[in-house]
> 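Input: one structure, supplied below.
Each residue takes its place number in the sequence, starting with 1. All values below come from the heavy atoms of this structure, side chains included, with hydrogens, waters and symmetry mates left out.
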Amino acid sequence: MHDAFEAGTILEKLPLKIESIACYDDIVLVGTKDGPLLQYSVKKQRIAGEIKYEVLLKSSNKMFSKKPVQQLFAVPELFLLISLSDYQLSVHDLQTFNLITTLPKTKGATLFAADVQTMVSLSGERQSTLQICVAVKRKIQVMFWKNRDFMDLVPEMNMYDVPRAMVWLKDRLCVGFKRDYFIVKIQGGESKELFPLGSKQPEPVITNMDDGFILSRDDQSIFIDKEGNPRKKHPVKWSDIPIASVYEAPYLISVLPKCIEVRTIDPVLMIQSKALPNAKYVCQANGQIYIASSNHVWRLNSVSVSSQIRQLIQNKEFALALELARKTEEPEKEKQHRISQIQTLHAVNLFCKLKFEESMKIFVTLDTDPSHVIGLFPNLLPQEYRDKLDYPEKLPKLEGGDLEKGLLALTDYLNDKRRMLLKENFVSPTAIKDGNKTLDSKDQLSQIIDTTLLKCYLHTNDALVASLLRLKDNNIHIEEAERSLKKREKYSELIILYEKKGLHEKALNQLMKQATRPNSPLYGCDRTVSYLQHLGSEHLNLIKEYSEWVIKKDPDEGLKIFTEDIPEVESLPRAAVLQYLESLDKNNKDLAIKYLNHVIYVWNDTSGDLHSRYAQLLREKVQAFMRDYLHALPEGHTPAKKAGTEPAELGEYRQRLINFLQDSLYYKAEQLLPRFPLDGFFEERAILLGRLGRHEQALGLYVIVLKDSNLAEKYCERYYDKSKPGDRDVYYYLLKVYLQPPDPLTLGLTSFKDSTKPAPNLQAALCIMDKHAGCIDTTKALELLPADTKIKDILTFMENVLEMKAATKHQNRVLRNMLFSEALQVHEQRIFYEKEKVVIDDYKSCMVCKKRIGNSSFARYPNGAIVHYVCCKDPRIPPGES
């Protein structure tokens, strides 16, 4: 037994009889039997080693009530004071004590209990909510505070008797009656009977503790959770029947008829007994405890417990010693050092008892050097370093299951310390025992934590090794990890280690060795391909060097090194990759074509050089297939007339070339055209001429050389654009080719076999005029026609032209009328809105806050309501409407 508290007199021999007390911050409120409310400020001072109090009467509110102030409760979060007087609840301002509201429905109230909850929003704003329950005869009213008044939270709950004690805890209410205790659920009103008070106890006594209640039964305090189930096996016994109780961890303090007693709960120990004459009221706030009699008020303060802590440590009662250490009044630095020492001793003691998880949880919260914690286990630290460490107790020898269990707990500890080390600024760790050398570098700590974590995973769960090595911020000691991984033949994890540490050449050499070993998990080239794909452009030379053996072994797999759809591969310099692939396959160029096909059609590359190079490679491929095709063609057989219809790969590649030239917008036609031979590739040349805007030459190739009117017409459909000067006359050029055929030599085809000038094709020209009358300049078309052309031949053309002109004129007239109508509607709507006016005079007030509008900005709702702009919460919902 020792003195845990000392009682200091705050008020004595008050002339007014005390009926109730409440406290907050450094303020004590005293409700009296005659009705006045006294407000005192209490400031603690230490003079010559003794605690003294400076007590000032801040206010004496004589008109607070005309009847005894039966109960008080201060809510500093909301600046409210709730009082029960003359059997009715009132709410006052906590600073001015002005009356805010009186609750008429609580007339006849004998008791109330309040619950204040403070929540912090995501923005950091603190919001407090207040709920109360009021006992009115045999009913309990439950209300919440809103808009300066209390509102019903749930309907009234009927009780079997008049409540004499109530304590609120979250969504439960513990109610004490004359004979027994009940747990009542706020929502729904469901109740659960607990146990009777006892034969000697006159009134119920209830105290809340963490997530449960402490209930008095005669001379015992019984612990239950909020569901009404027992929390502790043994009750706390007192020397007499408690009048009131309060819990101040780790102590339970009860006011008894002749004294107050202080006890601990776990373990149950008698700590202190002190005589306070006729004490019967107690209140608690912010760690301060006030006890009052009818005319005295005392304050309990913790006394120095240093000697008790030393005794508790000797007895290995670390939990209670820690609780007491947190209550000491000493400089914060010394206090934290004392707490840390107790926690360290407790953690080592738990480790020696093989309670590894509990031990490591404590070590996580301490600044103890992690290398000292690691040293608790065998074979994790270098032996020469381990021999220099000393511990407060003799360590157990760990083997088998105990060792594995310990390593699992150590793994959790190391992961927690790792996260803390990454988030927080580095703080020099403390020794597990004075005299041990500590690590003074964040890098050293990080390295020993990560390296030990790797060893733990290899021993307990090697599936986690890879995930540890893949962490970008891992600081594993390379040589130590290399030895451990090779010893257990973890080559896949070894590659990850090399990769994350930037040792790419070592990794690629190891992959090349393992690729030839059938029993290796790295057999084959898949892992090498994946590795090279993630190196990035800064390691292009390394990619070239180690991709060569893969490409030679499997060209398709090797090409994936440069075509996989991942950022590192896409960022490789494409011109350099193309040059490298062409150098590996100088004859066929298949690798280069496949690469460019992926770059253009999958990655949507718009580089003119790459598009041009792709066209050249396709042209070279077609030329090579064409030579073989013509050489193998039997005598007397003629080659296919239509491009792309040739057999086998020739037709496939040529069609691909034609499609590319038609679809791509980025190749450089002026560079490609000279590379196409003049004695072939006529359709390809026509496409290139069209891309250069030389439509007449292109159409000449389609009509005169290829003799394909359909292709010529499709060409015109593709290029016709009325808004572009160079493309609006494309159909005119087709007419010109039909009516005034050019000489084949003017098309640049010096070796074309049929060099005779073709005859005009009037019928084809008239057909084009009939089908595309709207795309041809009428005057130019008529000028091209021969002089002997009959009117009936161009009748359809002229009718189409006239119909289109008339339709255009009608459409423009309709559009003009619609625009005029729309302008009239806008004008009418403007007049409608402008006729509304708002007059703000000196008497116009806001419908929300009721203050004058004045010169402030305001908002007007459609129904005419005027509010301050800042009071306008939802522009869609006028005030007063839901």
Side-chain angles (χ1 to χ4, degrees), residues 11 14-42 56-118 126-137 139-154 156 163 166 168 281 283-286 290 292 297 845-846 848-852:
L11 303 172
L14 279 179
L16 298 175
K17 186 176 180 181
I18 298 174
E19 279 289 313
S20 57
I21 59 171
C23 61
Y24 68 94
D25 298 336
D26 60 349
I27 301 296
V28 177
L29 300 172
V30 178
T32 64
K33 185 174 183 179
D34 296 329
L37 177 71
L38 306 178
Q39 181 188 26
Y40 295 92
S41 69
V42 181
L56 298 175
L57 177 63
K58 294 189 68 176
S59 65
S60 176
N61 299 275
K62 297 180 180 179
M63 304 303 295
F64 187 80
S65 176
K66 295 180 181 180
K67 299 290 184 177
V69 183
Q70 301 163 262
Q71 192 175 348
L72 290 171
F73 185 81
V75 189
E77 296 87 352
L78 300 175
F79 306 103
L80 300 176
L81 175 64
I82 306 171
S83 64
L84 176 62
S85 180
D86 195 17
Y87 302 101
Q88 188 172 8
L89 250 68
S90 300
V91 182
H92 293 76
D93 186 283
L94 188 58
Q95 295 176 325
T96 63
F97 300 107
N98 293 330
L99 179 65
I100 296 175
T101 183
T102 300
L103 306 180
K105 66 180 295 184
T106 64
K107 191 69 176 176
T110 55
L111 179 69
F112 75 88
D115 175 59
V116 180
Q117 298 290 333
T118 301
R126 297 176 66 86
Q127 294 182 340
S128 297
T129 59
L130 169 63
Q131 302 176 102
I132 62 169
C133 56
V134 186
V136 181
K137 297 182 180 178
K139 294 182 178 181
I140 293 179
Q141 300 172 2
V142 182
M143 295 171 279
F144 68 97
W145 181 255
K146 184 178 181 182
N147 296 333
R148 309 285 288 176
D149 202 355
F150 276 109
M151 302 181 181
D152 289 337
L153 179 64
V154 296
E156 288 184 340
M166 294 190 300
W168 198 321
Y281 308 113
C283 71
Q284 176 188 32
N286 302 325
Y290 293 90
V297 178
S845 60
C846 173
V848 176
C849 68
K850 310 303 180 184
K851 296 180 181 179
R852 287 192 310 110

> With sequence neighbours excluded, tell me which residues meet side-chain hydrogen bond (donor to acceptor under 3.5 Å, both in side chains) with Gln95.
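Testing Gln95 for side-chain hydrogen bond (donor to acceptor under 3.5 Å, both in side chains), a comparison that skips the adjacent residues, returns none.
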> If you compare all heavy atoms of Lys850 against all heavy atoms of Ser845, which two are closest, and at what distance to 0.1 Å?
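Taking every non-hydrogen atom into account, O-CB, 3.9 Å.
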> Begin with the C-alpha distance, continue with both residues' side-chain angles, and end with the deciding distance and a verdict on side-chain contact (heavy atoms from CB on, under 4.5 Å) for Glu156 and Ile140.
CA-CA 6 Å; Glu156 288 184 340; Ile140 293 179; over 6 Å; no
> Any chance you could measure Phe112, atom CZ, to Leu84, atom CG, to the nearest 0.5 Å?
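If I round to the nearest 0.5 Å, the distance is 6.5 Å.
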> For Gln88, which residues count as a side-chain contact (heavy atoms from CB on, under 4.5 Å) partner, sequence neighbours excluded?
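Residues passing side-chain contact (heavy atoms from CB on, under 4.5 Å) with Gln88: Thr102, Pro104, Thr106, Lys107.
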> Could you tell me whether the side chain of Lys58 reaches within less than 4.5 Å of the side chain of Ser41, counting heavy atoms only?
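Yes, their side chains come closer than 4.5 Å.
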> Do Tyr40 and Leu11 come within less than 4.5 Å of each other through their side chains, counting heavy atoms only?
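Yes, close enough: below the 4.5 Å cut-off.
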> Can you measure from CD1 (Ile82) to CG (Leu130) and round to the nearest 0.5 angstrom?
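Rounded to the nearest 0.5 Å, the CD1-CG separation comes to 4.5 Å.
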> Provide the closest heavy-atom pair for Ala135 versus Met166 in the form atom of the first, atom of the second, distance.
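For Ala135 and Met166, the tightest heavy-atom pair comes out as N-CE, 3.8 Å.
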> Please list, one pair per line, the donor and acceptor atoms closer than 3.5 Å that link side chains of residues 143-152 to other protein atoms, with sequence neighbours excluded.
| unit_1 | atom_1 | unit_2 | atom_2 | d |
| --- | --- | --- | --- | --- |
| Asp152 | OD1 | Lys105 | NZ | 2.6 |
| Asp152 | OD2 | Lys105 | NZ | 3.0 |

> May I have all residue pairs that pass ring pair (Phe, Tyr, Trp, His ring centres under 6.0 Å) and include part of residues 89-110, sequence neighbours excluded?
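Every ring pair (Phe, Tyr, Trp, His ring centres under 6.0 Å) pair that includes a residue of residues 89-110, provided the two are not neighbours, is Phe64-His92.
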> Nearest 0.5 angstrom please: Leu38 CG to Leu16 CG, how far?
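Here the interatomic distance stands at 6.0 Å.
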> Identify the heavy atoms of Trp168 and Cys133 that sit nearest to each other, and give their distance.
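Nearest heavy atoms, Trp168 then Cys133: CZ3-N, 3.4 Å.
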> Can you see which heavy atom on Leu78 is nearest to which on Ser128, and at what distance?
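Shortest heavy-atom separation between Leu78 and Ser128 comes out as CD2-O, 3.9 Å.
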> At their closest point, which heavy atom of Val69 faces which heavy atom of Ser20, and how far apart are they?
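For Val69 versus Ser20, the nearest heavy atoms are O-OG, 2.9 Å.
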> Using a 4.5 Å cut-off on heavy atoms from C-beta on, say whether the side chain of Asp93 contacts that of Leu80.
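Answer no - side chains too far apart.
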> If you measure from CD on Gln141 to CG on Leu153, what distance do you get to the nearest 0.5 Å?
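Separation between the atoms: 12.5 Å.
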> At their closest point, which heavy atom of Ala74 faces which heavy atom of Cys23, and how far apart are they?
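Scanning both residues completely, I find the closest heavy atoms to be CB-O, 4.5 Å.
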> To the nearest 0.5 Å, what is the distance between CG on Leu56 and CG on Asp26?
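Spacing of CG (Leu56) from CG (Asp26) equals 9.5 Å.
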> Hey, could you give me the CG/OH distance between Asn286 and Tyr24, rounded to the nearest 0.5 Å?
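So the gap between those two atoms works out to 11.0 Å.
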> Mind checking whether Gln127 and Thr129 have side chains closer than 4.5 Å, heavy atoms only?
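When only atoms from C-beta onward are counted, Thr129 and Gln127 do not touch, as no gap falls below 4.5 Å.
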> May I have all residue pairs that pass side-chain hydrogen bond (donor to acceptor under 3.5 Å, both in side chains) and include part of residues 76-87, sequence neighbours excluded?
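For residues 76-87, and leaving out neighbouring residues, the side-chain hydrogen bond (donor to acceptor under 3.5 Å, both in side chains) pairs sorted by first residue read Ser65-Ser85.
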> I'd like to know whether Gln39 forms a side-chain contact (heavy atoms from CB on, under 4.5 Å) with Ile27, so could you lay out the CA-CA distance, the side-chain angles of the two residues, the decisive distance to 0.1 Å, and finally the verdict.
CA-CA 7 Å; Gln39 181 188 26; Ile27 301 296; 3.7 Å; yes
> Under 3.5 Å, which donor-acceptor pairs link side chains of residues 29-36 to any protein atom two or more places apart or in another chain?
| unit_1 | atom_1 | unit_2 | atom_2 | d |
| --- | --- | --- | --- | --- |
| Thr32 | OG1 | Gly35 | N | 3.3 |
| Thr32 | OG1 | Pro36 | O | 2.7 |

